[in-house]
Amino acid sequence: RWGMTPTQLTDSLGMYEYGGGGYHCVWFEEPDFEIFKKRHLTAVTNPASNLKLASGCADVMGMVKAGMNVCLGTDSVASNNNLDLFEEIKACTLMAKAKTGDPTAIPAEAALMMATVCGAKAQGREKECGQIKLGMDADLILLDFTQPHLIPCHNVLSNLVYAASGHDVVLTMVRGQILYNAGKFPTLDLAGALKELHDYAIPKVFADDPEEQPQ
């Protein structure tokens with residue numbers, strides 16, 4: 001209608017003067033790459049959701065070559081069914097290889113960067129998180145590499161990208177506070193949350209009458 005791509009149109013309206021970015025970005029064209037690079041915008045690719053919905057395959061390799069910041073998202077359980085970022089890491093690199101016909105496209109190191117450093121940059125938090133480094137927030141996860149599917153480990157980065165999953169995480173720490181440890185959630189009343197889910201939320205969401213209150 002306007003003789004330009006959605007990215008060009010929104011840029012002409014001044015929507016990116018204060019930063020921002022785009023989700024999915026599966027139909028980007030060359031001018032869109034340049035706009036995102038010039039405006040220092042982030043592209044959030046959601047490969048598993050895009051594959052499930054047949055929405056298209058983002059040209060992540062083209063985005064990276066253009067100098068764009070690219071990070072990973074899940075697009076929520078509504079169009080993905082889980083929030084496992086490890087699945088997105090693997091899907092991202094596999095999709096890039098299939099799209100380009102190049103088995104070296106988006107190597108393991110780059111995929112992990114998208115999940116960590118690039119994600120922090122997308123939030124404007126690259127100076128406080130995204131890396132395990134002196135002065136950064138103590139944000140980290142630990143994985144159990146004694147699981148059979150992670151043995152033998154010839155390359156830690158390859159194992160993380162191509163073999164690991166969220167089920168292998170045994171500890172999650174945010175700003176030095178342990179939020180998950182070997183199946184336990186020390187900051188949550190998990191039993192109480194599940195009770196509220198089953199007794200209140202699920203009956204209300206799936207009630208025939210939206211106004212019907214759970215007994």
Spell out, as yes or no, whether a donor-acceptor pair under 3.5 Å connects the side chain of [X] to the backbone of [Y].
{"X": "Asp102", "Y": "Lys97", "answer": "no"}
{"X": "Asp84", "Y": "Phe86", "answer": "yes"}
{"X": "Asp199", "Y": "Leu197", "answer": "no"}
{"X": "Ser12", "Y": "Leu9", "answer": "yes"}

Residues forming a side chain to side chain donor-acceptor pair (under 3.5 Å) with [X], sequence neighbours excluded:
{"X": "His149", "result": "Asp168"}
{"X": "Lys184", "result": "none"}
{"X": "Asp144", "result": "Thr146, Gln147"}
{"X": "Thr172", "result": "none"}

### Task
Hey, could you give me each pair passing side chain to side chain donor-acceptor pair (under 3.5 Å) that has a residue in residues 59-73? Not counting sequence neighbours.
Thr42-Asn69
### Query
For residues 108-124, which residue pairs qualify under side chain to side chain donor-acceptor pair (under 3.5 Å), counting only residues two or more places apart or in two chains?
Gln123-Arg125
### Summary
Interatomic distance, OG@Ser158 vs CG@Asn155, rounded to 0.5 Å, equals 3.5 Å
### Query
OG1/Thr93 to CE/Met61 distance, rounded to the nearest 0.5 angstrom?
9.5 Å
### Query
Mind checking whether Phe185 and Tyr180 have parallel, tilted or perpendicular rings, split at 30° and 60°?
tilted
### Query
Between Arg175 and Glu128, is a salt bridge (Lys or Arg N to Asp or Glu O under 4.0 Å) present by the stated rule, with each step listed?
CA-CA 10 Å; Arg175 291 185 174 178; Glu128 62 187 75; 3.4 Å; yes
Flag yes if more than 12 heavy atoms outside [X] fall under 6.0 Å of its [atom1] atom; otherwise flag no.
{"X": "Met95", "atom1": "CE", "value": "yes"}
{"X": "Lys52", "atom1": "NZ", "value": "yes"}
{"X": "Met15", "atom1": "CE", "value": "no"}

### Message
If the threshold is 4.0 Å, N to carboxylate O, is there a salt bridge linking Arg39 and Glu34?
### Response
no
### Between Thr5 and Asp32: side-chain donor-acceptor atoms closer than 3.5 Å
yes
### Message
Is there a side chain to side chain contact (heavy atoms under 4.5 Å, CB included) between Lys38 and Phe33? Walk through the geometry before answering.
### Response
CA-CA 9 Å; Lys38 177 183 176 182; Phe33 293 160; over 6 Å; no
## Note on the structure
When Glu88, Lys90, His24 are each screened for side chain to side chain contact (heavy atoms under 4.5 Å, CB included) with Pro47, the one that passes is Glu88
Could you tell me whether the side chain of [Y] reaches within less than 4.5 Å of the side chain of [X], counting heavy atoms only?
{"X": "Met173", "Y": "Asp139", "value": "no"}
{"X": "Asp75", "Y": "Tyr23", "value": "no"}
{"X": "Leu72", "Y": "Cys92", "value": "yes"}

### Task
Step by step, work out the side chain to side chain contact (heavy atoms under 4.5 Å, CB included) result for Cys153 and Leu150.
CA-CA 6 Å; Cys153 179; Leu150 296 176; over 6 Å; no
### Task
Report the C-alpha distance between Val170 and Leu143 in whole Å, list the side-chain angles of each, state the deciding distance to 0.1 Å, and finish with yes or no for side chain to side chain contact (heavy atoms under 4.5 Å, CB included).
CA-CA 5 Å; Val170 293; Leu143 282 77; 5.9 Å; no
